[in-house]
Amino acid sequence: MAQKPSIPKGTRDFSPAEVAKRNYIIQIIKKHFKTYGFQPIETPSFENFDTLMGKYGEEGDRLIFKILNSGDFISKVDDVTYSSKKSGSLTPKISDKALRYDLTVPFARYVVMHQNEIDFPFKRYQIQPVWRADRPQKGRFREFYQCDADVVGANSLLQEVEFVQLYDAVFTDLGLKGTTVKINNRKVLSGIAEVIGAKHLLIDFTVALDKLDKIGEEKVKAEMLEKGISENAIAKAQPLFGMSGSASEQLGQLKDLLTDSEIGLEGVAELEEILNTIDTIGLQSAKLELDVTLARGLNYYTGAIFEVAAPDGVKMGSIGGGGRYDDLTGIFGLKDVSGVGISFGLDRIYLVLEELDLFPKSLDISLDVLCLNFGDREGLASLKLVSALRNLGLRADLYPTAAKFQKQLKYANKRGVPYVILLGEKELTEGTFVVKNMETGDQKAYTLENATEFAAEIN
RNA sequence: GUGGUUGUAGCUCAGCUGGUUAGAGCGCUGGAUUGUGGUUCCAGAGGUCGCCGGUUCGAACCCGGUCUUCCACCCCA
């Protein structure tokens, strides 16, 4: 009995129309990556277990897809570990490989392994799928694409500025107006944690703070309390909850709050410089916004943090994110190499463009011209004509069988082919072919020797 | 990982307090129309009611389990 086919939860098949749209987005992102001087690399879809584990926090470890070892892996586990039934200690013994969780950590690994062949500063881009063992939701999949651009070996804040411009360039080109690039700085968050006396609870503090616009002040404070941050400390952080006004006003408030924190003031200065530079240069369609509550869970970020929100009114999580990480390669043994990078969430951008109907209509056309098939004799002449059109760069096809006229036209109609060629007995004897415009219904004859004339007209 | 939700024809969905042969629209196939598609008309095909088990004389409907969908949390692109 045939089994009912299915695909794993959170994965998808892509139809020709969907692939066309996805390629359209990728091609635009790639174009801008290249014009900004980034070079492509690719890394394996799975890495060593130890390369990935521990880089994304406790939650991240849970969401990494582990690959079971080959062979009789269970017999190699010692009895104590086996009978303890603890996944945490058993997993490393039965799995030594895991699917890529993001593109940043594999890149850091790549940089360390190839440090002697890389010219720093190294700007690379990478467009590949990543996997997360998450529970699917709208815009959240277990297999999805990230499009990353990172620079390593450059400390200059100009890199941050450049990434804001890059975001703006890509979203402008995609016709996606009104995106917001939110920026914050980990040093500011560290500074705040420091001055309120919750330095050791930085992660818990930022994770809670990050939810401010979503769950409100009271609930954020409740969560902080629950995580062990004292009432006194929360009171000291009070200015954060009421931050408002322009970026420079907010920066002023931050300076007051952080007067006793060297690192905090450093963060403020960095933000100030990035915001001022962008202000001077200007952006096309995006806006850059300071958001002191922006945290981002990934704990390898040390400086600037970015997150991109879709235009107002589109219900979608962030469509991009990134930041600076000063010591990611340090974990793999290469010290003092700073990196900054951003990521575009292809699958979410797709959903947003779809919702706002921003895909070019031309993407629906997968074939420029279809030649109808009238039989063997006409078919031969048609095949020659189609070959000639293909050589001219047109997407051309010959209907494979001499099916009923109506059936062939219906097929052309459903494929959305704009032009159909009729080359029947009459045309064959006259040495011509007739082109039918499927939209208007108009028909026009051309001589067979002069296929270029037709090709030129529709281009 | 926690809580909830969904599943009936290729698609979108009806289907009453459990009751005979489970319906509609769209799509599909054929015909009206053997050189003219989109519109119209006619006819037809297509369903283990997600899967497994239970209750019942009888289950698409009630119960349990499981998978899937979507949502909230966690977290994130």
Self-check item: Sequence-aligned protein contact record of nucleotides 3-13 of chain B, with B where the base is within under 4.0 Å of a protein heavy atom and S where only the sugar-phosphate is
Solution: B----------
Quiz item: Taking protein heavy atoms under 4.0 Å as touching, what does nucleotides 32-44 of chain B look like 5' to 3' if B marks base contact, S marks sugar-phosphate-only contact and - marks none?
Solution: -B-BBBB------
Roughly how many Å is it from [atom1] in [X] to [atom2] in [N], rounded to a whole number?
X	N	atom1	atom2	result
A:Arg140	B:C73	CZ	C1'	10 Å
A:Glu226	B:C73	CD	C1'	13 Å
A:Phe65	B:G1	CZ	P	11 Å

Quiz prompt | Aromatic ring pairing A:Tyr24/A:Phe359, orientation class (parallel under 30°, perpendicular over 60°, tilted between) | solution =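 Perpendicular.
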Quiz item: Which of parallel (below 30°), tilted (30 to 60°) and perpendicular (above 60°) describes A:Tyr56 and A:Tyr300?
Solution: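 Geometry flag for A:Tyr300 against A:Tyr56: perpendicular rings.
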Quiz item: Looking at A:Phe14, does the NZ or CZ of A:Arg22 lie under 6.0 angstrom from its six-membered ring centre and within 45 degrees of the ring axis?
Solution: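 Yes; both conditions hold, so A:Arg22 lies above the ring face of A:Phe14.
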Quiz item: Of all the nucleotides listed (B:C76, B:C70, B:C73), which has the minimum atom distance to the side chain of A:Gln137?
Solution: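 Minimum distance to the A:Gln137 side chain belongs to B:C73.
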Quiz item: From the list B:A77, B:U68, B:C75, which nucleotide is the closest neighbour of the side chain of A:Lys9?
Solution: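 Of B:A77, B:U68, B:C75, B:U68 is nearest to the side chain of A:Lys9.
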Quiz item: How is A:Gly57 classified with respect to the nucleic acid when contacts are heavy atoms under 4.0 Å: base, sugar-phosphate, or nothing?
Solution: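 No contact.
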Quiz item: Which part of the nucleic acid does A:Ser343 contact within heavy-atom distance under 4.0 Å: base, sugar-phosphate only, or nothing?
Solution: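 A:Ser343: no heavy atom of the nucleic acid under 4.0 Å.
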Practice problem: Identify which one of A:Tyr446, A:Phe454, A:Tyr399 satisfies the side chain to side chain contact (heavy atoms under 4.5 Å, CB included) criterion when paired with A:Ile421. | Solution: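 Result: among A:Tyr446, A:Phe454, A:Tyr399, A:Phe454 is the only option passing the side chain to side chain contact (heavy atoms under 4.5 Å, CB included) with A:Ile421.
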Self-check item: A:Arg377, CZ atom: more than 12 neighbouring heavy atoms under 6.0 Å
Solution: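 For A:Arg377, atom CZ is not crowded (no more than 12 foreign heavy atoms under 6.0 Å).
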Quiz item: Taking a pair as Watson-Crick (N1 to N3 plus N6-O4 or O6-N4) or G-U wobble (N1-O2 and O6-N3), both under 3.5 Å, which stems of 3 or more consecutive pairs involve RNA chain B?
Solution: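 As far as RNA chain B goes, consecutive pairing (with distances under 3.5 Å) yields the stems B:1-4 with B:70-73, B:10-13 with B:23-26, B:28-32 with B:40-44, B:50-54 with B:62-66.
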